[in-house]
Protein chains: 2
Amino acid sequence: MRSYGEFCAVAKALDAIGDRWALLIVRELMLVGACRYTDLQHGLPGVATNLLADRLRQLEKAGVVSRELAPPPIATTLFRLTPRGQDLLPVIRELGRWGAPLLSEAGGDEAFRSYWITLPLELYYYDPTPEGPPVTIEVRMGDEPMLVEAVDGKIRVRRGSAKDPDAILTGPPWLVLGLLSRRVELQDALKQGVDLQGDAKVLNRVRSTSVPESPSARTAEARPKVSRTK
Amino acid sequence: MRSYGEFCAVAKALDAIGDRWALLIVRELMLVGACRYTDLQHGLPGVATNLLADRLRQLEKAGVVSRELAPPPIATTLFRLTPRGQDLLPVIRELGRWGAPLLSEAGGDEAFRSYWITLPLELYYYDPTPEGPPVTIEVRMGDEPMLVEAVDGKIRVRRGSAKDPDAILTGPPWLVLGLLSRRVELQDALKQGVDLQGDAKVLNRVRSTSVPESPSARTAEARPKVSRTK
DNA sequence: CGGCATCCACAGTGATACTG
DNA sequence: CAGTATCACTGTGGATGCCG
């Protein structure tokens with residue numbers, strides 16, 4: 001992409017990572033860690049292969065992504081974030097926080113990967129009962145089961161399934177997310193197609209730090225501005 | 001732009017404000033407040049007028065920008081951020097924080113507006129001597145003078161010039177910024193074309209909360225990750 | 001199979017000119 | 001002042017092919 005040619009930190013950042021797909025590539029590498037090319041293609045449904053190759057080169061030149069040739073047993077190229085790339089976590093976090101209210105509607109035909117819920121759960125959620133025993137919830141939203149654990153006040157998310165989870169939550173992503181964020185009541189969720197097996201009380205071990213409202217539910221009151229005494 | 005079609009908060013956010021120029025329009029409205037169309041053009045050097053019109057419509061539809069027809073004495077259309085648009089402040093802040101190290105080099109032919117320094121100064125800087133008397137520094141970097149005030153522990157920035165500032169700082173943007181962030185020593189700055197009149201000690205009233213390093217100066221040590229027990 | 005490069009149709013971009 | 005209109009150009013997305 002053409003540079004904005006502005007001497008401004010925001011413009012410079014956008015020069016580096018403002019291209020289409022660039023920040024989503026960063027998201028993937030943040031969530032999955034080291035990735036093969038095809039792993040990235042799987043996590044970025046719809047990306048054209050030439051574009052992915054282009055962006056990876058670009059991000060490499062910008063010092064955000066590094067490329068390494070894995071040793072013999074794997075024998076493939078691995079892409080991973082550099083430290084400078086890891087520094088993009090706050091950007092991803094705030095973008096995700098701002099975008100979260102846009103997920104309140106069904107999402108029907110949109111692409112979804114179960115591990116994407118790692119982002120909101122680990123960034124904005126916590127366990128309000130840190131003194132309680134660790135609990136494990138298996139979440140099934142389609143492509144692969146995920147394990148959500150509440151332990152020591154934190155929420156951890158892993159891929160895989162447990163042999164004996166405290167609860168199993170099955171349903172479409174938007175309902176599961178709505179339930180965990182308490183935008184949707186349990187009864188309503190059950191009516192709309194969520195299935196919950198096991199102990200329903202463990203859901204109380206998952207709390208959001210910032211309850212995202214629907215974007216239209218915002219009032220027009222005055223809010224803090226950066227500047228300008230106008 | 002085409003939607004990414006992903007059920008992911010980051011992707012949804014980028015669907016709304018990931019287009020070229022969109023976030024820079026938000027930056028302008030955050031810094032300047034209500035803007036006329038031509039004010040935006042002035043603050044976004046190089047934007048094509050049809051693109052600006054397109055983006056404003058888009059941002060309006062996304063609930064980020066509102067358009068109002070100012071009453072008779074002004075009789076023009078004013079654009080301003082909605083509350084939902086103001087919520088983008090953390091995104092702008094983190095993008096700017098990440099991009100700040102990219103400003104360490106000269107910047108020569110790049111466009112610059114003096115009021116852009118409001119962003120870093122008010123977001124990442126503070127007055128380390130809140131009990132001290134208020135001080136005012138007039139900063140001249142080209143197009144218009146700015147007033148930087150340290151008072152009550154905070155840095156405030158306004159347009160305009162003072163009749164009796166404690167100091168006057170004149171020079172190219174990258175050197176002035178380097179000086180204020182302490183990436184550049186006063187002596188070096190003076191040698192490279194900065195002029196400082198008045199009391200040099202007032203510069204100690206401006207401190208950065210996060211000292212941005214040069215991006216290449218980063219080590220390759222391990223850093224916190226979002227996730228993945230790998 | 002993994003990691004691209006090439007080709008093509010088309011949507012988005014940028015410069016300029018023009019208008020109510 | 002706040003755009004719209006036009007047009008050359010570039011970036012994007014989809015398909016396919018290549019090569020170790």
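Protein chains get the first letters and strands the later ones, always in sequence-line order, with residue 1 at the start of each.
Rounded to an integer number of Å, the gap from A:N50 CG to C:dC8 C1' is 11 Å. Separating the CG atom of A:L40 from the C1' atom of C:dG2 is a distance of 12 Å, rounded to the nearest angstrom. Note: CG (B:L52) to P (D:dA2) measures 10 Å, nearest angstrom. When the C1' atom of C:dG12 is taken as reference, atom CD of B:Q58 falls 10 Å away, rounded to whole Å. D:dG3 atom P lies 14 Å from atom CG of B:L44, rounded to whole Å. In this structure, CG of B:L51 is placed 15 Å from P of D:dA5, rounded to the nearest angstrom. Here the C1' atom of nucleotide D:dA2 and the CG atom of B:L69 are 11 Å apart, to the nearest Å.
At least one side-chain nitrogen or oxygen of A:W21 sits closer than 4.0 Å to the OP1 or OP2 atom of D:dG13. Within the 4.0 Å cut-off from OP1 or OP2 of D:dG3, at least one side-chain nitrogen or oxygen of B:R67 is found.
Side-chain proximity of B:R20 to C:dT13, D:dT12, C:dC4: nearest is C:dT13. The side chain of A:A53 lies closest to C:dA5, out of C:dA5, C:dG3, D:dA2. Listed nucleotides C:dC4, D:dG13, C:dA15 differ in distance to A:R57; the shortest reach to its side chain belongs to C:dC4. Considering only side-chain atoms of B:Y37, the nucleotide from C:dA5, C:dG2, D:dT4 that sits closest is D:dT4. Proximity note for A:T77 (side chain, C-beta onward) versus C:dG3, D:dA2, C:dG12: the nearest is C:dG3. The side chain of A:R2 lies closest to C:dA15, out of C:dG3, D:dG14, C:dA15. Each of D:dA2, D:dT12, D:dA15 was ranked by its minimum atom distance to the side chain of A:T49; first place goes to D:dA15.
Screening B:I25, B:L29, B:V26 for a side-chain contact (heavy atoms from CB on, under 4.5 Å) involving B:V64 leaves a single residue, B:V26.
Contact annotation for B:T38: backbone-only contact, meaning every heavy-atom pair under 4.0 Å involves sugar-phosphate atoms and none involves a base.
Mapped onto DNA chain D by nearest heavy atom, B:R36 and A:A48 fall at different nucleotides, with B:R36 at the one closer to the 5' end. In this structure, A:G46 and A:M1 both approach DNA chain D, and ranking their closest nucleotides by distance from the 5' end singles out A:M1.
Closest approach of A:L14 to A:M1, counting heavy atoms only: O-CE, 3.8 Å. For the residue pair A:F7 and B:L177, the shortest heavy atom distance occurs at CE2-CD1, 4.2 Å.
In this structure, a donor-acceptor pair under 3.5 Å is present between the side chains of B:T49 and B:Y37.
Within the 4.5 Å cutoff, the side chain of A:Y124 has no heavy atoms near those of the A:I155 side chain.
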